[in-house]
Amino acid sequence: MGKPTPFASLFPLFLFFFLLWTAVAPLLVTSLSPDGIALLSLLSSSDPNSRSPILCSWNPSNFTPCSWQGITCSPQNRVISLSIPNTFLNLSFLPSQLSSLSSLQLLNLSSTNISGPIPPSFGSLSSLRLLDLSSNSLSGPIPPELGLLGVSLQFLFLNSNRLSGQIPQQLAHLSSLQVLCLQDNVLNGSIPSQLGSLLSLQQFRVGGNPFLTGQIPPQLGLLTNLTTFGAAATGLSGVIPPTFGNLINLQTLALYDTDVFGSVPLELGLCSELRNLYLHMNKLTGTIPPQLGKLQKLTSLLMWGNALTGSIPSEISNCSSLVVFDVSANDLTGEIPIELGNLTVLEQLHLSDNSLTGLIPWQLSNSTSLTTLQLDKNQLSGPIPWQIGYLKLLQTFFLWGNSVSGRIPSSFGNCSELYALDLSGNKLTGKIPEELFGLKKLSKLLLLGNSLSGGLPKSVANCQSLVRLRLGENQLSGQIPKELGELQNLVFLDLYMNHFSGGLPYEIANITVLELLDVHNNYITGEIPSQLGELLNLEQLDLSSNSFTGEIPLAFGNFSYLNKLILNNNLLTGSVPTSIRNLQKLTLLDLSFNSLSGGIPPEIGYVSSLTISLDLSSNGFTGEIPETFTGLTQLQSLDLSHNMLNGSISVLGFLTSLTSLNLSYNNFSGPIPVTPFFRTLTPNSFLKNPNLCESFDGSTCSSQLGRRNGVKSAKTVTLVAVILASVTIAIVASWILVTRTHKYAIEKSLGPSASSSGAEDFSYPWTFIPFQKLNFSIDNILRCLNDENVIGKGCSGVVYKVEMPGGELIAVKKLWKTKKDEEPAVDSFAAEIQILGHIRHRSIVKLLGYCFNKSVKLLLYNYISNGNLQQLLLGNRNLDWETRYKIAVGSAQGLAYLHHDCVPAILHRDVKCNNILLDSKFEAYLADFGLAKLMNSPNYHHAISRVAGSYGYIAPGKCSRKLLTVFIVCILVQLPFLDSKAMF
């Protein structure tokens, strides 16, 4: 044999070490300390491939977890701190093994995507000083066992979850507790009075729990160390306890959007440390206590949206630190105290929507820090003080809806920071000061509804920052200056109902971003400039009630975004250009009272977006109604009267959405369609069409229309009576049969739950009102309203994704039931129909129709496929800037349309990331108008004093320009700031 190799001689040694390792390795793995094993329970349900870098450092082969990220140990290697906030754990429950960490002092699992209940065994963590489980999806009750943490627990954060049930009174045993945050859950019941024994408590926040009811316990006045009390957006009622005057360390009292009533306690004037007093959107009555003037450190005083009466106490001027003072939307009377001018650090003064009288105090000009001054919707009179020019920092000045007279002070030209100036609806006279157009930041100039005279200065071109120039309903005269064409940022130009004359300058076509041009009711002459066709972003064009001549420009076919074209009451001639077919977003076309001739172009029939109105009346159109009109299935109003049209009107039988029709004074002939709509029409719709006739089958004449109102024979009368009686009996019998059949079908489809109250609601007879032609029935909708199809819930209802038999997807919102004692002013069903039924905008969700019965109300919308902005922001942190910008601009355009371009203006009051929907191309759509209000509604004042959308949020409709800017910027930087839960 040969000599053994070195490897062969070492082989027994390798084998020995291998066997030794296989025996020892399991012992090494299992040698992890019990604290470490307990911590590993947090990894049980997480995907190893998607774990954060923090969790990847958790090595089970370590002897202790003390080197793991997020873990702190004592000298004895016991875990005393577990802090991994904003780590994606994705756990369906909190592991009870964590309760074995007996030395644990700090437990922070906030924003870690945990659901399920809070383990009662957490009450055994006797050393725990901080417990933070906030911003998760925890559900179930707050365990009373947490009260066992006795003197150790100092900080308890359970906010922003889905916790339900009552606040355990056992929490009163936490004698060392300094911070208690329970806001933004679904807790119910009342605040336990026993919590008044937590004498160390500094912050107590329970806001955003809408089902939290009852009165505020007076015992909370014993918490003399309290610095913050937040109970906003709850169902708390009763009065504000006068014992709150004992809270000498209180800095923030947030008690807005509740059912609190009664007067504001004068004892609050004893809270000498108070900085923020938020009492808006309640039911407070009585006067504003003069004692609040003692609060020298007060910076924010918000009491808007109540029913406060009396005058504004001059003592408020003693609050020398006051920065924001808002008492708008109350019933305050009297004059504005001149002493408010002593508030030298005041930045925002909101006194709008009251009944204040008298003059505007010139002394307000002493408040040189003012950036926002809102005095609109009062009964103020007299001139605007010229001293207003001293306010160098002023950005927003609203004075609309008063009785102010005199001239507009030229000293406004000194307000170099001025961004928005609205003096509409007053009695102002004289010329528009040229100094206004020297303001480099002026974006919105609204002078509607005054008696201003003179011309529009050519110097308007100097104000390049103008976005909205609204000068309608005045007495302005002269020619419209061509210099307007230099305003490259102008989006809205309103010059209607003035005395402008001469031609419309073609230079306006240079304003490429222009969306609205309204010059109706002036004395403008000449031809319509064909260059206007270059305004590719135009959405509304109103040139009506002028003296325009010539033809409608062929270039108007370039208006791909136009939704309203109004040219009536002019001297236009020629035919309608065939390019009108390109206006595929047009909803209203009014060419009436002109001298247009020729046939009605068939191309109009291809504009399927026409939904509101088509008015071609009082022209010289000839020929027949084009067969293409069958495509106008969504059209609601059609007026072809006072033309020379002839032929059959049978094509109109296909217009199933019509609610108004006028064919009078033409030469139509043949039978009238026998559709349900045509049966509702009176002879006034067909006047002076002698060859039209009634028909039983829609194809042959049964009688001449002209004789329809003549004397009927006794035989005819008898026949009609018999038919009507038979039809009535048949309808009643059918209704009974259909109702019973429908109830049976619904109960059958709902299964065992059919006997529940929810199913009984569906059994009542339904009314279905579509706003356009829909290819489905109410039964198709009801069968899909189950939990599997729920895609969202909001403050006004639950939303379902519903697929119709033809494959069409729609969104159905079922409104929450209103309480029996709830007033109609807060009816979200009526609000959405009233708002969305009358507006059309590319950035506002489209309402298809609605259904209701005795107990249930449904709203039908276009289904927007890409979810909402909140979901996008949470799920995609790498969104490109172009898409962010697109969403931000779309949202802003929708808001701007509601606030500034709807007459009356519309206040959404719940704009947040959840209510901005996105389609597949990331186009933004504003949704959920359940809380929206028309600004001129008689219930507007009441409505804003109750609700304003999501907790902790002031809607852009009620906020300053700065906050609206923050909203848009937050979309750009992917931070859902305004949709996050508030502090209180």
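All heavy atoms count here, side chains included; hydrogens, waters and symmetry mates do not. Residues take their numbers from the sequence shown, with the count starting at 1.
L220 places none of its side-chain heavy atoms less than 4.5 Å from the side chain of L226. The side-chain heavy atoms of L101 and L107, taken from C-beta on, include no pair separated by under 4.5 Å. When side chains are defined from C-beta on, L94 counts as touching F122, because their heavy atoms get closer than 4.5 Å. Considering only heavy atoms from C-beta on, L222 stays 4.5 Å or farther from S197 through its side chain. At least one side-chain heavy atom of L268 sits less than 4.5 Å from a side-chain heavy atom of L253. With contacts defined as side-chain heavy-atom distances shorter than 4.5 Å, the pair T299/V345 does not qualify. Side-chain contact between N188 and Q166 is present, with heavy atoms from C-beta onward closer than 4.5 Å. Side chains of Y256 and L302 form no contact here, defined as non-hydrogen atoms less than 4.5 Å apart.
Going from atom CG of L187 over to atom OG1 of T213 covers 11.5 Å, rounded to the nearest 0.5 Å. Atom-to-atom distance recorded for Q395:CD and T371:OG1 is 5.0 Å, nearest 0.5 angstrom. Taking NE2 of H350 as the reference point, atom CD of Q374 lies at 5.0 Å (rounded to 0.5 Å). With rounding to the nearest 0.5 angstrom, the CG atom of L125 is 11.5 Å from the CG atom of L106. From L322, atom CG reaches atom CD of E347 across 10.5 Å, with rounding to the nearest 0.5 Å. One distance of note links CG of L284 with OG of S263; it measures 8.0 Å at 0.5 Å rounding.
Residue A231 comes nearest to L236 through the heavy atom pair CB-CD1, 3.6 Å, listed as atom of the first residue, atom of the second, then distance. Looking at every heavy atom in both residues, L171 comes nearest to L198 through O-CD2, 3.6 Å. Residues N330 and L308 approach most closely at OD1-N, 3.0 Å, considering heavy atoms. Counting all heavy atoms, side chain and backbone alike, F88 lies closest to L55 at O-CD1, 4.3 Å. Across all non-hydrogen atoms, the minimal contact from P144 to P168 is CA-CB, 4.0 Å. P289 and L266 get closest at one heavy-atom pair: CB-CA, 4.0 Å.
Side chain of Q203 to backbone of T227: no donor-acceptor contact under 3.5 angstrom is found. Looking only at distances, a side-chain donor or acceptor of T243 sits under 3.5 Å from a matching main-chain atom of P218. Side chain of N225 to backbone of Q202: no donor-acceptor contact under 3.5 angstrom is found. A donor-acceptor pair under 3.5 Å links the side-chain atoms of S367 to the main chain of L340, judged by distance alone. Proximity of a side-chain donor or acceptor of S152 to a complementary backbone N or O of S126 within less than 3.5 Å is detected. Checking side-chain atoms of T64 against main-chain N and O of S33 turns up no donor-acceptor pair under 3.5 Å. Put simply, the side chain of N185 gets close to the backbone of N161: a donor and an acceptor are under 3.5 Å apart. Formation of a donor-acceptor pair under 3.5 Å by the S176 side chain with backbone atoms of V151 is found in this model. Here the side chain of S369 pairs a donor or acceptor atom with the backbone of T344 at under 3.5 angstrom. The backbone N or O of P60 lies less than 3.5 Å from no partner atom in the side chain of N62, so there is not a single donor-acceptor pair.
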Practice problem: Could you walk me through whether W68 and L39 pass the side chain to side chain contact (heavy atoms under 4.5 Å, CB included) test, one step at a time? | Solution: CA-CA 10 Å; W68 297 355; L39 291 173; 4.0 Å; yes
Practice problem: Take L82 and I71 through the test side chain to side chain contact (heavy atoms under 4.5 Å, CB included) and record every step on the way to the result. | Solution: CA-CA 5 Å; L82 166 57; I71 305 300; 3.4 Å; yes
Exercise. Output, in order, the C-alpha distance, side-chain angles, deciding distance and verdict of side chain to side chain contact (heavy atoms under 4.5 Å, CB included) for R205 and N159.
Key: CA-CA 9 Å; R205 296 171 176 171; N159 52 288; over 6 Å; no
Quiz prompt | side chain to side chain contact (heavy atoms under 4.5 Å, CB included) between L42 and W58, intermediate numbers included | solution = CA-CA 11 Å; L42 289 172; W58 289 23; 4.0 Å; yes
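The side chain to side chain contact (heavy atoms under 4.5 Å, CB included) test with N90 is passed by exactly one of I114, N113, T112: N113.
Residues N306 and N282 have side chains that never bring a donor and an acceptor to within less than 3.5 angstrom of each other. For S237 and D259, the side-chain atoms include no donor-acceptor pair closer than 3.5 Å. In the model, S102 has a side-chain atom that pairs as donor or acceptor with a side-chain atom of R78 under 3.5 Å.
Aromatic ring orientation, W304 versus H280: parallel (interplanar angle below 30°, classes split at 30° and 60°).
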